[in-house]
Trainee: 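Handing you a structure now.
Worth saying up front: this structure is predicted, and the values here are computed from it rather than measured. One-based numbering, in listed order, for ligands and for the atoms of each.
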Amino acid sequence: MLKLAVLASGRGSNFKALADASRRENSGFEIALLVSDHSDAGALDIAEQLSIPHLHLDPEHFASRREFETELVSHFSHAGIGLIALAGYMRLAGKTLLRAFPGRIINIHPSLLPSFPGLEAQKQALNYGVRVSGCTVHFVDSGMDTGPIILQRSVPVLCSDTVSSLSERILVEEHRAYPEAVSLIASGRVGLNGRTVMIQKEGLK
Ligand code: GRF
């Protein structure tokens, strides 16, 4: 059983979707730890309600990103974590984290990357005028939403859309895509070799 850690800064709806999926038969993973860098993150309340081990670590209490991530890595190692899922985590992964978990950190982003990386992806998509958007699950590298893509799900962008209506439509797909990606990795059907995503037969459709 793959032990997953989730890093979240806010609301935590993707964390909740992962937690619900992990409890289904044959998911292949369990959430062993939720860490938030914000004490008031909704994700911490969800973890409490679901009795999932959770922790608030305040980066301000550390002298550097290296020290903060060294502490994170020590919690992950202690909990036997095999994969880390960033879910609305508002920080870039630094060298310490990336080196400790090479090819074992993933992220979800609310656009079809490489279009619209960074903040307010849904607003960027609306402003640009694209007719299709969606979400992307990808392996994390040192860039902003630049790592190798695992899977994507698309949604239409309607003429009547606001940032909020488009975000809601994308979020429905996020909640399907993220657990699917974690299960694919847990079963060994998807993995990373250098910057190439390896997909085994019967992995992605
Ligand atoms: C999601 O849209 C995710 O794609 C992005 O941040 C948002 C987090 O939402 N990275 P939640 O905290 O999971 O509800």
Trainee: Stepwise, does the side chain to side chain contact (heavy atoms under 4.5 Å, CB included) test hold for D37 with D58?
Mentor: CA-CA 5 Å; D37 54 342; D58 187 346; over 6 Å; no
Trainee: Provide the closest heavy-atom pair for F15 versus A87 in the form atom of the first, atom of the second, distance.
Mentor: N-CB, 4.4 Å
Trainee: Could you list who else is in L92's hydrophobic cluster, with ILVMFWY side chains joined at under 4.5 Å, directly or through other members?
Mentor: M144
Trainee: Identify all side-chain donor-acceptor contacts of residues 71-78 below 3.5 Å with residues at least two apart in sequence or on another chain.
Mentor:
residue: E71; atom: OE2; partner: H75; partner atom: NE2; Å: 3.1
residue: S77; atom: OG; partner: V73; partner atom: O; Å: 2.8

Trainee: May I have all residue pairs that pass ring pair (Phe, Tyr, Trp, His ring centres under 6.0 Å) and include part of residues 107-134, sequence neighbours excluded?
Mentor: F116-Y128
Trainee: Could you go through ligand 1 and list every pair where one of its N or O atoms sits under 3.5 Å from a protein N or O, giving the atom names and the distance to one decimal?
Mentor:
residue: ligand 1; atom: 2 (O); partner: E174; partner atom: OE1; Å: 3.2
residue: ligand 1; atom: 2 (O); partner: E174; partner atom: OE2; Å: 3.0
residue: ligand 1; atom: 4 (O); partner: I108; partner atom: O; Å: 3.4
residue: ligand 1; atom: 4 (O); partner: E174; partner atom: OE1; Å: 2.6
residue: ligand 1; atom: 4 (O); partner: E174; partner atom: OE2; Å: 3.4
residue: ligand 1; atom: 9 (O); partner: R11; partner atom: NH2; Å: 3.1
residue: ligand 1; atom: 10 (N); partner: I108; partner atom: O; Å: 3.1
residue: ligand 1; atom: 12 (O); partner: G12; partner atom: N; Å: 2.8
residue: ligand 1; atom: 13 (O); partner: S13; partner atom: N; Å: 3.4
residue: ligand 1; atom: 13 (O); partner: N14; partner atom: N; Å: 2.9
residue: ligand 1; atom: 13 (O); partner: N14; partner atom: ND2; Å: 3.0
residue: ligand 1; atom: 14 (O); partner: R11; partner atom: NE; Å: 2.5
residue: ligand 1; atom: 14 (O); partner: R11; partner atom: NH2; Å: 3.1
residue: ligand 1; atom: 14 (O); partner: S13; partner atom: N; Å: 2.8
residue: ligand 1; atom: 14 (O); partner: S13; partner atom: OG; Å: 2.5

Trainee: Let me confirm one number: the CD1-CZ distance from I105 to F139, rounded to the nearest 0.5 Å.
Mentor: 11.0 Å
